[in-house]
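Remember, it's 1-based here, ligands and their atoms both numbered in the order they're listed.
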Amino acid sequence: MTTKLLIFGITGDLSRRKLIPALEQITVTGNFDDLEVIGVSRREVDEKLLIRDERLAARTRVITMDVANPSEYERLKTEINMTENDQLLIYLSVPPSSSGQIVQLLGRAGINDDRVKLMLEKPFGTDLESAKHMSSQISEYFDDEQVYRIDHYLAKEMAQNIVAFRAHNALFAHVWDNSAIEKIEIKAYESIDIEGRTQFYEQTGALRDIVQGHLMQLLSLVIMDIPGDMHWSQVALHRLGALKSLRPADVTSTVRAQYAGYQDEVENPGSTTETFVSVRLESDAPKWTGVPFYLTTGKALDQKLTEIKVYFKKFHDAQTNCLIFRIQPEEGIEIALNTLKPDYEYEYEETRLSFNYPAGVVLPDAYEQVIVDAIRGHKHIFTSNDEVVRSWEVLQPLVSHWAMRDGCEYMYEKGSSAEQILADADAACKKE
Ligand code: BG6
């Protein structure tokens, strides 16, 4: 079967930074020699400047078209020139305001039969209502089976390793519930600020940008059920089960903040958009009641770090043990143990057992994995519509509450640590 990959927005930021490098890497592996790439752009582009790798350039062509013009889609269909044995992957790397219309026009032109897969980038709506609206627009022309919603955090090697780790290590499987686990923290700290993406970020904010998709997905991987006979193809269903068990978020256990200087950057004095958020969630599943889950993310912090920390309950007076999934950088798994200090004093210290990938092992980039799995029809690293809707249901109380408030609760200086922001917010809260 030959794969044609049609990319709307091939000249855009995401395409240049992530998609084209991922395609170049896939080309190098030689596994997908029949892959043909067709880019769609509103304006003429110099293909040589866009794609520098000669092997990828040789199998890529860019079509200029007005994506809002319905009559252009007949021409597009002719250009794609599908045969019986082809599959077509349509990658929408366009602003959410255009994606609904493009999906409809593709459907009306008949570019939606069962040889077609539709790959969508987040955001999947901006709240519960808009997510449902988007879903109904898509389902008019595409079955959910054909839709591949991308959450590149799910495609990260270590995210998939969480499932493997939990499914294949009896040592932890027997203590993976509230009998032994005290709390779980999921962090995605970024040192970069909004990097000029002013319009996008003003409409988004940290909750929509990172928590609604990326962090909720990581949480579901950590708390989902893993039956003994589970196959990868069922992972999305189990993630949904985990999301369904979550209680709606409570605004009183959430910290929301903005970095100083943000409002000047977006030229919107009084902007209420948050660049930092920490949300506490709980599950109603009997095995997780009483275990808080803290999801925290922020821009312009002191470090880039994505990790999951599972804290085990204390045993008498001993320090807690902690299991850490390091998603990035330096992917790996660590276990914090308490051992005797090597001296005469009988004191204890924390020691870490760690798993790191051997030097020289290059992990596939998340976008490479996304494209390869879509070609192969492996859906478990993609988010289902039900997961998207459920995630919004859980977070909707925050979205609704913040829409009615004046501003962000806290300000922080660029380069602050997340721990400091949380401590300051806690102290300010106690004063009130
Ligand atoms: C994207 C967000 O989904 O993830 C960005 O829109 C963020 O704001 C990025 O910077 C972080 O991805 P990663 O893989 O660098 O952690």
Side-chain angles (χ1 to χ4, degrees), residues 9 12-22 25 91-97 99 119-126 131 148-162 185-219 221 256-259 262 265-266 271 273-279 295-308 325-332 362-371 373 381-383 387-388 391-392 395 414-415 418:
D13 182 57
L14 177 86
S15 171
R16 284 170 192 272
R17 282 192 304 122
K18 302 282 190 181
L19 276 182
I20 292 173
Q25 201 48 44
Y91 198 121
L92 293 192
S93 178
V94 294
S97 49
S99 52
M119 301 177 72
L120 298 174
E121 271 293 340
K122 73 174 199 25
F124 308 118
T126 51
Y148 289 66
R149 290 177 195 77
I150 298 161
D151 186 307
H152 78 281
Y153 269 50
L154 271 183
K156 288 183 189 281
E157 187 69 21
M158 273 312 297
Q160 293 311 308
N161 220 339
I162 295 170
E185 292 176 348
I186 304 191
K187 308 167 180 179
Y189 300 163
E190 292 192 272
S191 48
I192 54 168
D193 58 19
I194 62 163
E195 293 192 307
R197 296 156 80 206
T198 52
Q199 208 189 352
F200 165 79
Y201 209 82
E202 268 293 90
Q203 293 165 8
T204 312
L207 185 86
R208 292 183 172 96
D209 190 29
I210 301 284
V211 178
Q212 192 274 338
H214 303 332
L215 299 197
M216 295 289 272
Q217 288 297 335
L218 291 182
L219 174 63
L221 291 176
R256 184 174 186 237
Q258 188 185 75
Y259 63 75
Y262 172 81
E265 219 170 313
V266 297
S271 165
T273 306
E274 77 286 349
T275 58
F276 177 95
V277 69
S278 183
V279 181
L295 277 48
T296 306
T297 186
K299 295 252 184 222
L301 300 178
D302 61 341
Q303 59 176 328
K304 167 84 178 166
L305 174 81
T306 309
E307 68 176 22
I308 299 171
F325 294 102
R326 292 196 318 259
I327 312 286
Q328 61 189 13
E330 291 165 22
E331 294 85 347
V362 180
L363 300 178
D365 176 74
Y367 275 86
E368 274 174 67
Q369 195 71 50
V370 159
I371 296 167
D373 278 17
I381 61 162
F382 297 90
T383 324
E387 286 175 275
V388 171
S391 182
W392 278 119
L395 299 174
K414 279 186 167 186

Ligand-residue contact atoms, ligand 1 with [X], heavy atoms, under 4.0 Å:
X: D209; value: 2 (C), 5 (C), 6 (O), 8 (O)
X: E190; value: 7 (C), 10 (O), 11 (C)
X: H214; value: 1 (C), 3 (O), 4 (O)
X: K299; value: 5 (C), 7 (C), 8 (O), 10 (O)
X: Y153; value: 11 (C), 12 (O), 13 (P), 14 (O), 16 (O)
X: K304; value: 13 (P), 15 (O), 16 (O)

*Pi-cation contact, F124 with K122 (under 6.0 Å, within 45°)*: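 Output no; distance or angle outside limits.
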*asked:* The test is side chain to side chain donor-acceptor pair (under 3.5 Å); show your working for E195 and Y201 and say whether it passes.
replied: CA-CA 10 Å; E195 293 192 307; Y201 209 82; over 6 Å; no
*Would you mind checking which non-hydrogen protein atom is closest to atom 14 (O) of ligand 1, with the distance to 0.1 Å?*
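The closest heavy atom on the protein side is K156 NZ, 2.6 Å.
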*For residues T126 and Q203, report the shortest heavy-atom separation together with the two atoms involved.*
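Shortest heavy-atom separation between T126 and Q203 comes out as CG2-O, 4.5 Å.
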Is any side-chain heavy atom of [X] closer than 4.5 Å to a side-chain heavy atom of [Y]?
X: M216; Y: Y153; value: no
X: Y91; Y: E121; value: yes
X: H152; Y: H214; value: yes
X: K304; Y: E190; value: yes

_Tell me whether K122 has any N or O atom under 3.5 angstrom from an N or O of ligand 1._
yes
_Yes or no: does T306 have any heavy atom under 4.0 Å from an atom of ligand 1?_
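For ligand 1, residue contact (heavy atoms, under 4.0 Å) with T306 is absent.
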*atom 12 (O) of ligand 1: which of H152, E195, R17 has the nearest heavy atom?*
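Selected option, by shortest heavy-atom distance: H152.
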